Amino acid sequence: MTAAHPNFAKANLMILDTERASARLVAGMLSGFGVNNPFLVHDTDEANTLLGAGVADAAIVTMGRNADPVLDVIQKVRAIKAGIVRFMPIIVLTGDAQPGTIAMARDAGANFVVRRPIAPAALYDRLIWAAYSEKKFVQSRTYCGPDRRFRDQGPPPGGERRVLTKADPTRSQGFFEV
Amino acid sequence: MSQNHEPVLIVDPVIGLKKKLSLPGGISREAALARAHDRLQEQRREAIDDLVTRIAALRQMGYTLDGMLLTKQDMSDLQEQLDEILNIAGTFHMWNLVTTAAFLYDLLRSRTARHRLNADSLNTFIHAMQLFAIPSGRYEEDGLVVLEQLRRLFEFFAPGQVPRQQMLGAA
């Protein structure tokens, strides 16, 4: 799926985190991967300007307890019509990985939502996955972002397929039973 | 009954990052992760200083409250600070500090506990965090004893609730 070894040297990555200390930790990891001088931004206005200018290839954004400003940044990127900016990988980091939080970020168009603290391996693998995966991009009136449907790859190996038996009147149609 | 179907466009995205990463001259995943680990270790001293400063600010806040019940704004401010402490301490595998901060964070999220927490109980957790932020490890050996007492305090304020599991760290 990937080239011989990914080369991060020319990649422009933006880190959005209102907390400078946490932003520096992510920047340190990216530096280890080979990223030269990632953009560190600490407010959403600055992020919107940078992303709107199309200079970033991917964004790593931290979503705090007030998620709205960060969700707004993601939605604005996904709504950019010109060029390929709207397709950029966006990884959301959050300390509050409640199902509702994750759903909000994904609905805004994030590729991944990851709980903080993030390990270098987790960050690396998600960046690679977001860059090389062949996921389609969905554009509609209510959602712009990566296709969130999983590809049907058939049943898992081993075991028997579930078979359809006669319909159970107490359940909805399509009830499957082993 | 007619339905309005929303037009949906499905496209093959052009990922700029992929083009950049595909340029020759990259390094292996193992080498990249080893270098990232080294970069984090270079930041450890500075990060711990930041932790100590944040905990000192929390302690100052605890003193200011002077035994009163916490307001909604107090709790919100505390949670923001604790979120950062959890992130930095977790990154550097400071598990006793992570556990203590997570206890307090979860108490602040608990509806039951929120109405019972006061500055005195808050300060108990903050004092423990100060001990665990000391990088010498001097208090690490007593850590389990302290954590057990904090767990009991957690159960007192949030009976029946299970504190979250320790988080995975990075460095």
Side-chain angles (χ1 to χ4, degrees), chain A residues 2-13 19 21-22 24-25 27-34 54 56-58 62 64-65 84-89 93 95-96 115-125 127-128 130-143 146-147, chain B residues 6-29 31-43 46-47 49-51 53-54 76 79-93 98 102 105 109 164 167-171:
Chain A
T2 61
H5 290 307
N7 183 354
F8 280 90
K10 300 278 187 195
N12 295 315
L13 271 68
E19 292 287 345
S22 290
R24 282 197 296 269
L25 294 179
M29 292 183 209
L30 294 180
S31 165
F33 302 162
D57 300 311
T62 296
R65 296 187 66 247
I84 59 170
V85 179
R86 64 185 180 282
F87 302 133
M88 76 160 61
L93 309 180
D96 182 26
R115 186 172 182 167
R116 297 197 309 167
I118 187 168
L123 181 59
Y124 182 92
D125 290 342
L127 283 169
I128 297 296
Y132 287 96
S133 82
E134 294 176 354
K135 272 200 170 193
K136 306 281 187 192
F137 194 86
V138 175
Q139 293 173 221
S140 73
R141 189 174 53 80
T142 54
Y143 175 75
D147 189 346
Chain B
E6 183 189 336
V8 176
L9 188 62
I10 297 177
V11 296
D12 280 316
V14 179
I15 309 289
L17 181 63
K18 180 180 178 180
K19 289 183 177 176
K20 301 275 182 75
L21 298 190
S22 301
L23 295 171
I27 57 173
S28 70
R29 179 178 185 274
L33 296 184
R35 283 174 30 166
H37 181 268
D38 290 344
R39 297 287 189 279
L40 283 177
Q41 290 309 315
E42 289 165 14
Q43 292 179 286
E46 189 183 354
D49 287 346
D50 186 81
L51 277 177
T53 304
R54 287 177 189 276
S76 178
Q79 281 183 297
E80 279 184 18
Q81 284 295 324
L82 287 168
D83 191 29
E84 284 306 304
I85 290 168
L86 281 165
N87 184 45
I88 297 168
T91 298
F92 293 103
H93 295 184
V98 167
Y105 191 93
R109 285 172 64 129
R164 77 172 105 173
M167 294 183 294
L168 295 174

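Because only heavy atoms are used, hydrogens play no part in the values below, and waters and symmetry mates are left out as well, while side chains stay in. Here the structure is a predicted model, which means the values were calculated and not measured.
In this structure, B:S22 and A:Y132 approach most closely via the heavy-atom pair OG-OH, 3.2 Å. Closest of all the heavy-atom pairs between B:L23 and A:K10 is CD1-CG, 3.6 Å. Of all non-hydrogen atoms in A:P117 and B:N87, the two that sit nearest each other are CA-OD1, 3.1 Å. What you find for A:F33 and B:L33 is that their closest heavy atoms are CE2-CD2, 3.9 Å. The two residues B:R35 and A:G32 have their closest heavy-atom pair at NE-O, 3.0 Å. Here the closest non-hydrogen pair linking B:R54 and A:A21 is NH2-CB, 4.1 Å.
Per-residue counts of heavy-atom pairs under 4.5 Å with chain A were compared for B:A34, B:A47, B:G25; the largest is that of B:G25. When A:S140, A:G34, A:A56, A:G64 are compared by the number of non-hydrogen pairs under 4.5 Å with chain B, A:S140 comes out ahead.
If you measure heavy-atom distances from B:E46 to chain A, the contacts under 4.5 Å come from the side chain alone. Residue contact with chain B, scored on non-hydrogen atoms closer than 4.5 Å, involves the backbone and the side chain of A:R141 alike. Residue A:L123 does not touch chain B at all, counting heavy-atom pairs closer than 4.5 Å. Using a 4.5 Å cut-off between heavy atoms, A:A58 touches chain B through its side chain atoms alone. Within the 4.5 angstrom heavy-atom criterion, atoms from both the backbone and the side chain of A:T142 approach chain B.
Residues A:F8 and B:L21 meet the side-chain proximity criterion, which asks for heavy atoms closer than 4.5 Å. Looking only at side-chain heavy atoms (C-beta outward), A:P120 and B:H37 stay at 4.5 Å or farther from each other.
With respect to the salt-bridge test (charged N to carboxylate O, under 4.0 angstrom), the residues B:D83 and A:R116 qualify.
For B:Q43 and A:R24, the side-chain atoms include no donor-acceptor pair closer than 3.5 Å.
Taking CG from B:D50 and OG from A:S22, the interatomic distance works out to 8.0 Å, rounded to the nearest 0.5 Å. Rounding to the nearest 0.5 Å places CZ of B:R29 at 4.0 Å from CG of A:D125. Taken from CG in A:D57 to NZ in B:K19, the straight-line distance is 10.5 Å, to the nearest 0.5 Å. One distance of note links CG of B:L17 with CD1 of A:I84; it measures 10.0 Å at 0.5 Å rounding. Atoms CZ and CG, on A:R65 and B:L82 in that order, are 10.0 Å from each other to the nearest 0.5 Å. The distance from atom NZ of A:K136 to atom CD1 of B:I10, rounded to the nearest 0.5 Å, is 8.5 Å.
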- Kindly indicate, with the supporting measurements, whether the criterion side-chain contact (heavy atoms from CB on, under 4.5 Å) is fulfilled by B:I15 and A:F137. CA-CA 11 Å; B:I15 309 289; A:F137 194 86; over 6 Å; no

